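All values reported here derive from a predicted model rather than from experimental measurement.
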Amino acid sequence: MIQVTIDDSTLRQAAGEGMDAFVGAFIQAIKDAIGGELTAETLGELNSDQITLLAWDVLHEEVMDGGFVQLIHNGYGPFIFKNPFAKAVKLWGMRELSKLVYDAHTLYVKYHEQLEKDCTDDEFMALFEQFPEFDDMDDEFVEQEEAWTEQIARYIDEHIEKFATIQ
């Protein structure tokens with residue numbers, strides 16, 4: 001296992017800036033420990049909570065930027081939907097997020113081949129019109145994002161040893 005460390009002063013500063021910065025400090029520490037890139041090799045060097053946090057980061061960044069259509073188009077569907085991410089966040093106490101991911105998984109299975117195809121920027125933008133089934137899920141994610149980030153921050157705070165060693 002890769003040793004993930006985070007400097008105590010960095011953590012204190014992030015905690016003072018709020019839950020986004022606190023969660024972000026752990027995400028950055030994990031990314032730093034694996035050389036900035038999640039690969040099959042580095043995936044095997046992380047524990048399940050660290051992987052779940054990186055999956056949250058991918059989900060969060062992609063859905064907040066362009067919704068589930070973008071997440072799937074950019075090739076992250078298998079990482080989110082073919083791994084036990086939804087089950088893991090449910091174990092973290094995040095039933096609503098888990099349900100949303102399971103619901104999105106149903107659409108992923110139905111549409112992923114069309115969404116994963118290479119396309120021009122205009123064709124990509126048209127995907128949002130072609131797959132409106134994702135709209136309500138995107139809206140729910142945006143509406144719940146702050147509460148979910150707070151739940152993740154609380155889970156990390158209560159289980160810091162699962163995420164990093166504080167130095």
Side-chain angles (χ1 to χ4, degrees), residues 1-2 4 19-20 23-24 26-31 33-156 159 162-163:
M1 298 299 277
I2 289 177
V4 176
M19 62 190 168
D20 289 319
V23 171
F26 283 91
I27 291 167
Q28 190 59 54
I30 295 167
K31 286 180 177 180
I34 61 172
E37 188 175 351
L38 187 60
T39 64
E41 183 179 317
T42 58
L43 194 65
E45 294 292 321
L46 298 173
N47 68 39
S48 61
D49 284 308
Q50 293 165 332
I51 294 166
T52 301
L53 186 57
L54 291 182
W56 161 257
D57 183 51
V58 167
L59 178 71
H60 179 262
E61 293 299 315
E62 292 293 318
V63 175
M64 291 300 287
D65 189 47
F68 282 97
V69 166
Q70 178 176 304
L71 173 101
I72 296 165
H73 178 74
N74 285 344
Y76 293 112
F79 183 48
I80 299 300
F81 301 118
K82 291 186 177 182
N83 285 306
F85 174 73
K87 181 179 180 181
V89 294
K90 186 176 181 180
L91 293 172
W92 285 9
M94 302 178 70
R95 296 179 83 69
E96 296 84 13
L97 176 58
S98 177
K99 183 182 179 324
L100 179 67
V101 173
Y102 279 125
D103 290 346
H105 177 263
T106 301
L107 294 180
Y108 167 76
V109 169
K110 187 174 180 180
Y111 298 124
H112 77 94
E113 290 177 3
Q114 295 151 279
L115 290 169
E116 291 169 345
K117 289 181 182 173
D118 286 337
C119 60
T120 65
D121 288 343
D122 289 340
E123 291 168 333
F124 170 71
M125 294 308 291
L127 292 174
F128 295 97
E129 304 276 329
Q130 294 168 1
F131 300 99
E133 296 97 323
F134 289 101
D135 290 350
D136 288 342
M137 291 177 198
D138 294 343
D139 291 345
E140 181 180 350
F141 189 93
V142 171
E143 290 167 9
Q144 297 297 324
E145 180 270 338
E146 188 174 324
W148 289 336
T149 301
E150 183 180 335
Q151 287 176 303
I152 290 169
R154 191 173 331 124
Y155 183 85
I156 292 170
H159 303 92
K162 294 182 177 186
F163 295 92

Is [Y] close to [X] at the side-chain level, that is, under 4.5 Å between some pair of heavy atoms?
X	Y	result
W92	L97	no
L54	Q50	no
I152	M94	yes
D121	M125	no
V23	L53	yes
F26	V4	no
H112	P78	no
Y108	L115	no

Just how far is it from atom [atom1] of [X] to atom [atom2] of [Y], taken to the nearest 0.5 Å?
X	Y	atom1	atom2	result
L59	L100	CG	CG	7.5 Å
M19	E146	CE	CD	4.0 Å
M64	Q70	CE	CD	12.0 Å
K90	Y102	NZ	OH	6.5 Å
L43	I34	CG	CD1	8.5 Å
I30	E45	CD1	CD	13.5 Å

> Is atom CD of Q114 surrounded by more than 12 heavy atoms (other residues, nucleotides or ligands) closer than 6.0 Å?
Replying inline: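 Yes, CD of Q114 has more than 12 neighbouring heavy atoms, counting only those of other groups under 6.0 Å.
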
Smallest separation among heavy atoms of [X] and [Y], with atom names:
X	Y	result
N47	M1	N-CE, 3.1 Å
S98	A86	OG-O, 2.9 Å
I80	V101	CG2-CG1, 4.1 Å
F163	D49	CE2-O, 3.4 Å

>> Show, in sequence, the C-alpha distance, side-chain angles and deciding distance for L46 and L38, and conclude whether the side chain to side chain contact (heavy atoms under 4.5 Å, CB included) test is met.
In response: CA-CA 10 Å; L46 298 173; L38 187 60; 4.1 Å; yes

Please tabulate, for the side chains in residues 129-144, all donor-acceptor contacts under 3.5 angstrom to protein atoms that are two or more places apart in sequence or on a different chain.
from : atom 1 : to   : atom 2 : distance (Å)
E133 : OE2    : Y111 : OH     : 2.4
D138 : OD1    : F68  : N      : 2.9

> Under 6.0 Å between the ring centres of H159 and Y155?
Replying inline: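 Between Y155 and H159, which both carry aromatic rings, the centre distance is below 6.0 Å.
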
> Between K117 and E113, does a salt bridge (Lys or Arg N to Asp or Glu O under 4.0 Å) hold up when you go through it step by step?
Replying inline: CA-CA 7 Å; K117 289 181 182 173; E113 290 177 3; over 6 Å; no

Check: [X] side chain, [Y] main-chain N or O, donor-acceptor pair, under 3.5 Å:
X	Y	result
N83	F85	no
T42	E37	yes
T149	E145	yes
E116	H73	no

>> Using 30° and 60° as the class boundaries, would you call the ring planes of F128 and F124 parallel, tilted or perpendicular?
In response: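 Answer is perpendicular, since the angle exceeds 60°.
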
